[in-house]
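Heavy-atom basis, side chains included; hydrogens, waters and symmetry copies ignored. Lettering of chains follows the sequences in order, A, B, ..., and the numbering in each one begins at 1. The shown structure was predicted, so the numbers you read here are calculated from the model rather than taken from an experiment.
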Protein chains: 2
Amino acid sequence: MALLDEEGVGRLTMRRLAERLGTGSTTLYWHVSTKDDVLDLALDRIFVEVPVPEADAGHWREAVATLINGWRGALLAHPWSATLLGRPMLGPNVLTRSEYLHATLLAAGFAEPHLTAAAYALSNYVIGSAMMQATWRTGDEQAARRVAGEYLRAHSDRYPTLAAHGPLVGNDWDVSFRLGLDYLLDGIQGSRAPGQQPRS
Amino acid sequence: MALLDEEGVGRLTMRRLAERLGTGSTTLYWHVSTKDDVLDLALDRIFVEVPVPEADAGHWREAVATLINGWRGALLAHPWSATLLGRPMLGPNVLTRSEYLHATLLAAGFAEPHLTAAAYALSNYVIGSAMMQATWRTGDEQAARRVAGEYLRAHSDRYPTLAAHGPLVGNDWDVSFRLGLDYLLDGIQGSRAPGQQPRS
DNA sequence: TCGACCTCTGGATCGTTGATCCAGTCTCTG
DNA sequence: CAGAGACTGGATCAACGATCCAGAGGTCGA
């Protein structure tokens, strides 16, 4: 993970990783069977940095928001995860967080199909958001956004709204994410029929 | 794209692509400067399959839902896009759809910061959802889900809620996506102050 | 004490890949 | 018809993921 944090996923090779660990590259293949295994392990390792709120810790909405915000923070702390998110996440750390999310929603009184749909929406929202933002954070974020902004302004005839508002002109990622999460939680909360709130 | 649809992104090499086109691999480098350019072009090419609703076509909510559903359908029609989504999307086809999304929300009466946040949330939700689902669709979906489901049931002591409900046990992706989109649109609609609806 | 056995290591090597060099071909224009 | 620019591709390079295979280190029972 130190190697990934420093140089990104593109520059991670089995040889360089072995050199970093002070061994030969062949040795790594005794512990993992393929390079994808290394990437899967690294991706799951990110999630130990996602704090899991204590059970029965107040309102379900706060607990879910805490989990999702931590989820996003961990992914953004390691931007190389953006490229890796398009692979099955079945590691124990991911599953633990996902289990907590489902359990919290279940205890809050959500029933199918809303239970699965709510967890589905929250997970995919945070994954998509972190990936989008991490994409623009690789390398020099300021330079990338400036180039993209100039490109949009140069073609402002084709993309007028995008050049005026738009995610690349003075967008505060944190504010947008928080608002988007509120939209989603509002909608989820509204899907629960009255009288279904065990501990609202 | 035919090569990608048939064999996936892992088996796309410049040599095989050149052979498919009936030329040498060197020739490709006259038209593109790197392999990443090919992938960027292929990813943007997907979006021509996303129908853009006509302007002034009824309620903004229906227009947005149509765009987002088409967006998801195009990504799912080419599951190899899941691995590629973690890269900057600045192609003309993507920008056209993004421009339409922002313009529609602007015309519907949304103002900052809700305008940017709504577009941000919708884009990231559909990207995350399509990526998650495409991840499980590569190869034999039935087999992958069965293996994952058995794994969860085997560790049902650690993941009880996930083994009972959970995205891998009888989850209808289409239903969950539609419900999640409704949650998001409900929340977005609620963020607009009364009296701001030019054409509600 | 010894030797069989399992865990673990790594130099050498294979096939493949992305990318480049450079000589050559094609086509269009004046 | 000559020259310039657009385009092609065989040969080649460094780097990569992965494997082969010989061997080191430790453990345990006879």
Side-chain angles (χ1 to χ4, degrees), chain A residues 1-46 78-92 131 134-135 138-140 143-144 147, chain B residues 1-46 78-92 131 134-135 138-140 143-144 147:
Chain A
M1 287 194 59
L3 200 54
L4 284 168
D5 286 338
E6 293 170 14
E7 312 198 28
V9 65
R11 301 206 54 179
L12 174 74
T13 69
M14 297 301 273
R15 282 171 233 261
R16 291 166 63 85
L17 177 59
E19 187 184 7
R20 182 83 166 220
L21 296 174
T23 67
S25 66
T26 315
T27 305
L28 301 179
Y29 284 97
W30 180 263
H31 303 278
V32 297
S33 66
T34 182
K35 186 186 178 183
D36 279 339
D37 286 4
V38 178
L39 298 177
D40 286 335
L41 289 169
L43 183 58
D44 186 67
R45 176 61 177 70
I46 290 181
H78 308 283
W80 44 268
S81 62
T83 323
L84 273 54
L85 284 174
R87 57 178 61 224
M89 292 191 288
L90 286 177
M131 194 181 61
T135 294
T138 55
D140 191 347
V147 169
Chain B
M1 287 193 60
L3 200 53
L4 284 168
D5 286 338
E6 293 170 14
E7 312 199 28
V9 66
R11 304 207 53 181
L12 174 74
T13 70
M14 296 299 273
R15 281 172 233 262
R16 292 166 63 84
L17 177 58
E19 187 184 7
R20 182 82 166 220
L21 297 173
T23 67
S25 68
T26 316
T27 303
L28 301 178
Y29 284 97
W30 179 263
H31 303 278
V32 298
S33 65
T34 181
K35 185 187 178 181
D36 279 338
D37 286 4
V38 178
L39 297 178
D40 285 335
L41 289 170
L43 183 58
D44 186 69
R45 176 61 175 73
I46 291 182
H78 307 283
W80 45 267
S81 62
T83 322
L84 272 54
L85 284 174
R87 57 178 61 222
M89 292 191 288
L90 285 176
M131 194 181 62
T135 294
T138 55
D140 191 348
V147 168

> OP1 or OP2 of dC8(C) sitting under 4.0 Å from any side-chain N/O of Trp30(A)?
Replying inline: yes
> Taking OP1 and OP2 of dT9(C), is either one under 4.0 Å from a side-chain nitrogen or oxygen of Thr23(A)?
Replying inline: no
> Does the base of dG11(C) carry an N or O that pairs as donor and acceptor with the side chain of Thr26(A) under 3.5 Å?
Replying inline: yes
>> Under 4.0 Å between a side-chain nitrogen and a carboxylate oxygen: does that hold for Arg20(B) and Glu6(B)?
In response: yes
> When the distance from CE of Met14(B) to P of dC13(D) is rounded to whole Å, what number comes out?
Replying inline: 21 Å
> Reckon His31(A) has a side-chain N or O less than 4.0 Å from the OP1 or OP2 of dT9(C)?
Replying inline: yes
>> Within the supplied structure, the quantity of interest is the number of heavy atoms (other residues, nucleotides, ligands) at a distance under 6.0 Å from Arg87(B) CZ; does it exceed 12?
In response: yes
> Please give, in whole Å, the distance from dA14(D) C1' to Arg16(A) CZ?
Replying inline: 14 Å
> With a 3.5 Å cut-off and just heavy-atom distances, do the side chain of Thr34(B) and the base of dG18(C) make a donor-acceptor pair?
Replying inline: no
>> By nearest heavy atom, map Arg15(B) and Ser33(A) onto DNA chain D; which one lands nearer the 5' end?
In response: Arg15(B)
>> How many whole angstroms separate atom CG of Asp37(B) from atom P of dG18(C)?
In response: 13 Å
> To the nearest 10 degrees, what angle separates the axes at the start and end of the helix from dT1(C)-dA30(D) to dG30(C)-dC1(D), five pairs each?
Replying inline: 10°
